[in-house]
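Down below is the structure, laid out as C-alpha cells.
Just so we're on the same page: letters track the sequence lines, and every chain starts at 1.
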Amino acid sequence: MPELPEVETVRRTLSDLAVGKTIANVQVRWPKMIKQPEADQFREAVVGETIQAIERRGKFLIFQLDHYTLVSHLRMEGKFSVNEQSEAEAPHTHVVFEFTDKTELRYRDVRKFGTMHLVKKGTEHDLPSLKALGPEPFDSLFTAEYLYEKLKRTSRQVKTALLDQIIVTGLGNIYVDEVLFRSKIHPHRLASSITLKEAGLIHFYTKSVLEEAVKRGGSTIRTYINSQGKKGTFQELLNVYGRAGKACVDCGTEIIKTKTGGRGTHICLNCQPIEKPL
DNA sequence: AGTCTAGCCTGGGAGC
DNA sequence: TGCTCCCAGGCTAGAC
C-alpha cells in the first residue's frame, strides 16, 4: 500500500528511468482509470510529449510533460515499470506509454484502483484532489502547534484525523499505526483530547518514521515494489502494523488488531492506554 | 460544514 | 476439492 515513503521511492527510481523519454504512442486497456479527459483525448494529448520531471505531492505522482501534467495515484497496488518493448508484459497491465527509444512505461494494477488525470501544465494544483491536500510532513508549515490546532477542532478519533490528507498529507494506514505506537497514543483517543505535548510527539514521530522509511525505500507488506522491481525494507522496523498476536517490542504485551472507521488498527494496549494521561 | 458510509476492485486465505 | 465469504485499503461521491 503505497504511502508517502513508497511513492517517493517510486518517484526517485522512475525519474532515473523515464525522464527525458518521448512518448510515441499510448495504449489504454482500462479506460475507467483515466479520470480526465476521455481516454482517446488523453492519448492524443500525450503523444509527442517528453517527460521533463517527475514530482510528488502527498501520495500523488506528478509527471511534468511539455504541455501537460499527468497526475497519477497508485492507490493500493499500482506499479510503474520501464521495460524494453520486447519484454513480456506482466498481467494486469492497464496503461502502456510507448517511448520513441523502443522502451515503454507500463502501469499495472491488480485492483484497478489507481487513477490518472491529465491537465494543462501549470493547472494541476487546481485539481480538487491536489488542491485539498494539507502540508507535507517535511514542510515548515507542519509544526506541533499546527497539528495541535487542527486536532483540537475535530470530533473524530485521532487516527482518523491523521489519515485525513487535509490535515497532513502522506500518512496511510501502516505509518499512522506506527506513529501512534511510538507516540504512545491510543488511535481511538478523541483528536480534540490530544495535548500540545502529545501533538509534539505525533509531529516528531511522523517526521522520523517517514524519513527512515524513505531511506529504506518504503515497506513491502504485500506486493509493493519500486520501479526497479525492488522491495523496501522498512517492514523490518514495523512495531505494530501486521504484528497482531505478537509481543510488543517494548513491553511484551500482545499486540491486538481492531478497527478504526473500517480500517485495520494495531495497538499495544499497555503502551497506548485509551485513558488520557494525567 | 463536518462527519460518515458505500463503492470502487481482485486475489488470497479461512471456513465449511 | 470447490464453493462462499471476508479482508486488504486510499479516495470520492453522496447522504446525513
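Straight-line distance from the CZ atom of Arg111(A) to the C1' atom of dC6(C): 12 Å, rounded to whole Å. Rounded to a whole Å, the CZ atom of Arg263(A) is 12 Å from the P atom of dA6(B). In this structure, Leu74(A) places its CG atom 21 Å from P of dC8(B), rounding to the nearest Å. Spacing between atom CE of Met76(A) and atom C1' of dT12(C) amounts to 12 Å, rounded to whole angstrom units. For the pair Leu4(A) CG and dG10(C) C1', the interatomic distance rounds to 14 Å; values are reported in whole Å. Rounded to whole Å, atom P of dA8(C) lies 9 Å from atom CG of Asn173(A). When the P atom of dG11(B) is taken as reference, atom CZ of Arg75(A) falls 19 Å away, rounded to whole Å. The distance from atom NZ of Lys259(A) to atom C1' of dC4(B) is 15 Å, rounded to the nearest whole Å.
Of the residues in residues 153-172 of chain A, those lying under 4.0 Å from DNA chain B by heavy-atom distance are Thr154(A), Ser155(A), Arg156(A). Within residues 113-132 of chain A, the residues that place at least one heavy atom under 4.0 Å from DNA chain C are, in residue-number order, Phe113(A), Ser129(A).
For Lys35(A), no side-chain nitrogen or oxygen approaches OP1 or OP2 of dC8(B) to under 4.0 Å. Between His92(A) and the phosphate of dC9(B), there is no side-chain N or O to OP1/OP2 separation shorter than 4.0 Å. Between Lys257(A) and dA8(C) there is a side-chain polar atom (N or O) within less than 4.0 angstrom of OP1 or OP2. Residue Lys59(A) places at least one side-chain N or O closer than 4.0 Å to OP1 or OP2 of dC11(C). Not one side-chain nitrogen or oxygen of His73(A) sits closer than 4.0 Å to the OP1 or OP2 atom of dG10(C). Using a 4.0 Å cut-off, no side-chain N or O of Lys32(A) falls inside it from OP1 or OP2 of dC8(B).
Figure legend: Arg57(A) and Phe60(A) shown without cation-pi pairing, the cationic atom not lying both under 6.0 angstrom from the six-membered ring centre and within 45 degrees of its axis.
With rounding to the nearest 0.5 angstrom, the CG atom of Asn173(A) is 11.5 Å from the CG atom of Leu162(A). Atoms CD and OG1, on Glu8(A) and Thr13(A) in that order, are 9.5 Å from each other to the nearest 0.5 Å. With values rounded to the nearest 0.5 angstrom, Ser183(A) atom OG is found 8.5 Å from Gln272(A) atom CD.
Under 4.0 Å is where a charged nitrogen must lie from a carboxylate oxygen, and between Arg243(A) and Asp177(A) no such pair does.
For the pair Gln165(A) (side chain) and Leu163(A) (backbone), a donor-acceptor distance under 3.5 Å is present. When atom types are taken as modelled, the side chain of Glu3(A) and the backbone of Gly172(A) share a donor-acceptor pair closer than 3.5 angstrom.
Under the ring pair (Phe, Tyr, Trp, His ring centres under 6.0 Å) rule, Tyr107(A) has a single partner from Phe97(A), Phe63(A), Phe80(A), Trp30(A), which is Phe80(A). Exactly one residue among Arg56(A), Lys207(A), Lys59(A) makes a salt bridge (Lys or Arg N to Asp or Glu O under 4.0 Å) with Glu136(A). That residue is Arg56(A).
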